[in-house]
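What follows is a short report on a single structure.
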Amino acid sequence: MNNPMDVSGKRILVTGASSGIGKATSVLLSELGAKLVLMGRDANRLDETKQKLTGDGHIVIPLELREFASYANAFKEIRETGEKLSGLVHCAGIAKVIPIKVVSAANIQEMFDVNFVSFMELVKYYSKKTNSAGGSIVALSAINAHYPQKCMSVYAATKGALEMAVSSLAVELFDKNIRVNAIVPGPIATPMAYSFGEVSGEESNITGRQMMPLGEPEDVANMAAYLISDTAKFITGRKFYVDGGRL
């Protein structure tokens, strides 16, 4: 039977692939036939993800996303596989609960570097003809950009910036046959979500404002796979809510 989300033969870069949504997305894309480039800070955890992948040809590139000077070498390593990229899923991110009384230029810059600047740098390298021949870029936003929560102003701002960039990049990269879309997840059962609940004191109410229970990483991975696949070839510059009805 024909699988509309088949991505056989595509090489896909996934950031934040060592855990949570990034890990689930990597596993699913491998099951659908893709060759993965797993990127993240922890080489050991990336190797653990690699062991769970289906098929061959997957590679691991440990990279601290704030080390922007290292991106050129990372993409050189990808080129050495002999295959251009067909997709990028940017799952890496940090979400810190920062009350305004302790906000600083340093912690603002840290979160913007990981959640937004790294995405722009990745897209810059991905869009070069030497690195890709078109394809699909998917960025993970968060409902915090649309649903106010106390002490999350910095995080919400980084995701708001990400979403606005997606819209403009879709227009700019159209001529390169690159589609750019964003996913807006609601509360998902990941270490990041539980950590936020514990620190913010909203752990007991994490699903109290939505129609469905806590989502699973696979719920977001399914949307990422759809947007990466050619089934979504007529979709660009859009946001897709995977939020259990929260918004």
Side-chain angles (χ1 to χ4, degrees), residues 3 5-94 113-115 117-140 173 176-180 183 190-191 217-218 220-230:
N3 182 354
M5 295 206 314
D6 180 76
V7 289
S8 296
K10 295 181 183 292
R11 181 165 289 283
I12 312 297
L13 168 61
V14 179
T15 69
S18 60
S19 66
I21 295 171
K23 184 175 185 177
T25 299
S26 300
V27 171
L28 176 58
L29 288 172
S30 75
E31 292 172 347
L32 293 170
K35 296 179 182 179
L36 276 298
V37 177
L38 306 177
M39 187 174 285
R41 290 180 298 176
D42 192 320
N44 292 330
R45 292 171 67 191
L46 289 174
D47 283 331
E48 291 175 2
T49 298
K50 184 180 177 182
Q51 296 303 314
K52 295 181 179 295
L53 302 184
T54 300
D56 301 316
H58 312 298
I59 64 172
V60 167
I61 300 182
L63 180 71
E64 166 55 65
L65 287 175
R66 296 181 69 194
E67 296 177 358
F68 303 121
S70 299
Y71 282 35
N73 285 335
F75 277 84
K76 180 176 181 290
E77 187 173 343
I78 296 171
R79 287 196 301 274
E80 289 173 350
T81 67
E83 297 174 299
K84 292 185 177 182
L85 290 167
S86 299
L88 162 66
V89 185
H90 185 52
C91 298
I94 54 175
D113 280 350
V114 176
N115 295 352
V117 179
S118 66
F119 173 67
M120 298 299 289
E121 285 289 312
L122 287 164
V123 172
K124 179 180 73 176
Y125 281 98
Y126 178 94
S127 62
K128 294 179 183 294
K129 291 182 179 180
T130 54
N131 296 326
S132 73
S136 173
I137 295 173
V138 179
L140 259 65
L173 298 178
K176 294 191 175 189
N177 196 32
I178 297 175
R179 298 182 292 109
V180 191
I183 299 174
T190 64
E218 291 74 16
V220 183
N222 288 334
M223 178 59 76
Y226 167 68
L227 292 172
I228 284 291
S229 75
D230 292 338

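- For the pair Val27/Leu53, a side-chain contact is recorded, criterion being any heavy-atom separation below 4.5 Å from C-beta on.
- Of the possible donor and acceptor atoms, one in the side chain of Tyr126 sits under 3.5 Å from a partner among the backbone N and O of Gly134.
- Of all the heavy atoms in Ser118 and Tyr71, the pair that sits closest is CB-OH, 3.3 Å.
- Closest non-hydrogen pair, Ser26 versus Thr49, comes out as CB-CG2, 4.1 Å.
- The shortest distance between side-chain heavy atoms of Phe68 and Asp113 falls below 4.5 Å.
- Note: Ile228 CD1 to Leu29 CG = 6.5 Å, rounded to the nearest 0.5 Å.
- For the pair Thr25/Val220, no side-chain contact is recorded, criterion being any heavy-atom separation below 4.5 Å from C-beta on.
- Put simply, OG on Ser132 and OH on Tyr125 are 14.0 Å apart, with the number rounded to the nearest 0.5 Å.
- Looking at Lys176, its side chain does come within 3.5 Å of a backbone N or O of Ser127 through a donor-acceptor pair.
- Rounding to the nearest 0.5 angstrom, the gap separating the NE2 atom in His58 from the CZ atom in Arg11 is 8.5 Å.
- Counting heavy atoms from C-beta on, the side chains of Thr15 and Phe119 never come closer than 4.5 Å.
- The structure places CD1 of Ile137 at 12.0 Å from CG of Leu227, a figure rounded to the nearest 0.5 Å.
- Ile12 and Leu88 get closest at one heavy-atom pair: CG2-N, 4.4 Å.
- Closest non-hydrogen pair, Ile21 versus Cys91, comes out as CG2-SG, 4.2 Å.
- With rounding to the nearest 0.5 Å, the separation of CD1 in Ile59 from CG in Leu13 is 8.5 Å.
- When every heavy atom of Asn131 is checked against every heavy atom of Arg79, the shortest pair comes out as OD1-NH1, 2.8 Å.
- Nearest heavy atoms, His90 versus Val114: NE2-O, 3.7 Å.
- The closest donor-acceptor contact from the side chain of Glu64 to the backbone of Arg66 lies under 3.5 Å.
- Salt bridge annotation for Glu48-Lys52: absent, with no cationic side-chain nitrogen under 4.0 angstrom from a carboxylate oxygen.
- Separation of atoms CE (Met223) and CD1 (Ile183) is listed at 6.5 Å; rounding is to 0.5 Å.
- Checking each of Arg45, Met39, Lys23, Arg41 against Ser18 for a side-chain contact (heavy atoms from CB on, under 4.5 Å) leaves exactly one that passes, namely Arg45.
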